[in-house]
Engineer: 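Here it is, the structure in full.
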Amino acid sequence: MFIAIVDVSLKEEKISEFKAWVTESNKTLSKFDGFISRRLLEGEDGSKKILVEFTDIELFRKMHQSPEHNALHNQLGNFMRSPPKRQFYNVVAE
């Protein structure tokens with residue numbers, strides 16, 4: 001399994017709208033082969049992260065290069081104070 005963790009710095013006035021956007025955009029992304037889940041997390045300190053799970057990195061990359069993903073990615077600027085920061089992981093034990 002492949003996991004991406006994305007740190008997002010949101011505009012305060014857009015947090016509620018962003019939560020709805022994540023739920024709605026998941027409907028599009030969940031149609032891609034290999035998609036497992038995508039969730040918005042909130043830390044005790046109020047920080048936000050998006051957790052994305054895919055079966056493997058190849059299918060994740062394929063989704064990332066799609067017109068659907070590009071359209072969604074272009075919408076991120078409406079919500080962000082700064083660009084997202086991504087970290088990638090492979091699950092090596094469960």
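In this chain, numbering begins with 1 at the start of the sequence shown.
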Engineer: Which Ile, Leu, Val, Met, Phe, Trp or Tyr residues join Val22 in one cluster when any pair of side-chain heavy atoms under 4.5 Å counts as a link?
Structural biologist: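 Same cluster as Val22: Phe2, Val6, Val8, Leu10, Ile15, Phe18, Trp21, Leu29, Phe32, Phe35, Leu40, Ile50, Val52, Phe54, Ile57, Leu59, Phe60, Met63, Leu72, Leu76, Phe79, Met80, Phe88.
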Engineer: If we count only N and O atoms by modelled type, under 3.5 Å, do the side chains of Ser30 and Arg38 hold a donor and an acceptor together?
Structural biologist: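 On atom types as modelled, these side chains do not qualify, holding no pair under 3.5 Å.
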Engineer: Would the number of heavy atoms belonging to other residues, nucleotides or ligands and lying under 6.0 Å from CD of Glu13 be above 12?
Structural biologist: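 Enclosed: over 12 neighbouring heavy atoms sit under 6.0 Å from CD of Glu13.
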Engineer: For the atom pair CG (Asn78) and CD (Glu17), what is the distance rounded to the nearest 0.5 Å?
Structural biologist: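 Nearest 0.5 Å value for the CG-CD distance: 7.5 Å.
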Engineer: If the condition is side-chain hydrogen bond (donor to acceptor under 3.5 Å, both in side chains), which residues does Thr55 pass it with, not counting sequence neighbours?
Structural biologist: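 Not a single residue meets the side-chain hydrogen bond (donor to acceptor under 3.5 Å, both in side chains) criterion with Thr55.
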Engineer: In chain order, what residues pass the side-chain hydrogen bond (donor to acceptor under 3.5 Å, both in side chains) check against Glu24, with sequence neighbours excluded?
Structural biologist: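 Applying side-chain hydrogen bond (donor to acceptor under 3.5 Å, both in side chains) to Glu24 gives Lys27.
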Engineer: When you look at NZ of Lys11, are more than 12 heavy atoms from neighbouring residues, nucleotides or ligands closer to it than 6.0 Å?
Structural biologist: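 Check passes, neighbour count above 12.
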Engineer: With sequence neighbours excluded, tell me which residues meet side-chain hydrogen bond (donor to acceptor under 3.5 Å, both in side chains) with Ser47.
Structural biologist: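 Once residues adjacent in sequence are excluded, the partners of Ser47 under the side-chain hydrogen bond (donor to acceptor under 3.5 Å, both in side chains) criterion are Asp45.
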Engineer: Tell me which pairs pass salt bridge (charged side-chain N to carboxylate O under 4.0 Å, His left out) where either residue lies in residues 52-65, with sequence neighbours left out.
Structural biologist: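 Every pair satisfying salt bridge (charged side-chain N to carboxylate O under 4.0 Å, His left out) with a residue in residues 52-65: Arg39-Glu53.
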Engineer: To the nearest 0.5 Å, how far apart are CD in Gln75 and OG in Ser25?
Structural biologist: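 Output value for this atom pair is 8.0 Å.
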Engineer: Residues in side-chain hydrogen bond (donor to acceptor under 3.5 Å, both in side chains) with Lys49, at least two apart?
Structural biologist: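 Testing Lys49 for side-chain hydrogen bond (donor to acceptor under 3.5 Å, both in side chains), a comparison that skips the adjacent residues, returns Asp7.
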Engineer: When rounded to the nearest 0.5 angstrom, what distance separates CZ in Arg81 from NZ in Lys14?
Structural biologist: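 NZ of Lys14 is found 14.5 Å from CZ of Arg81.
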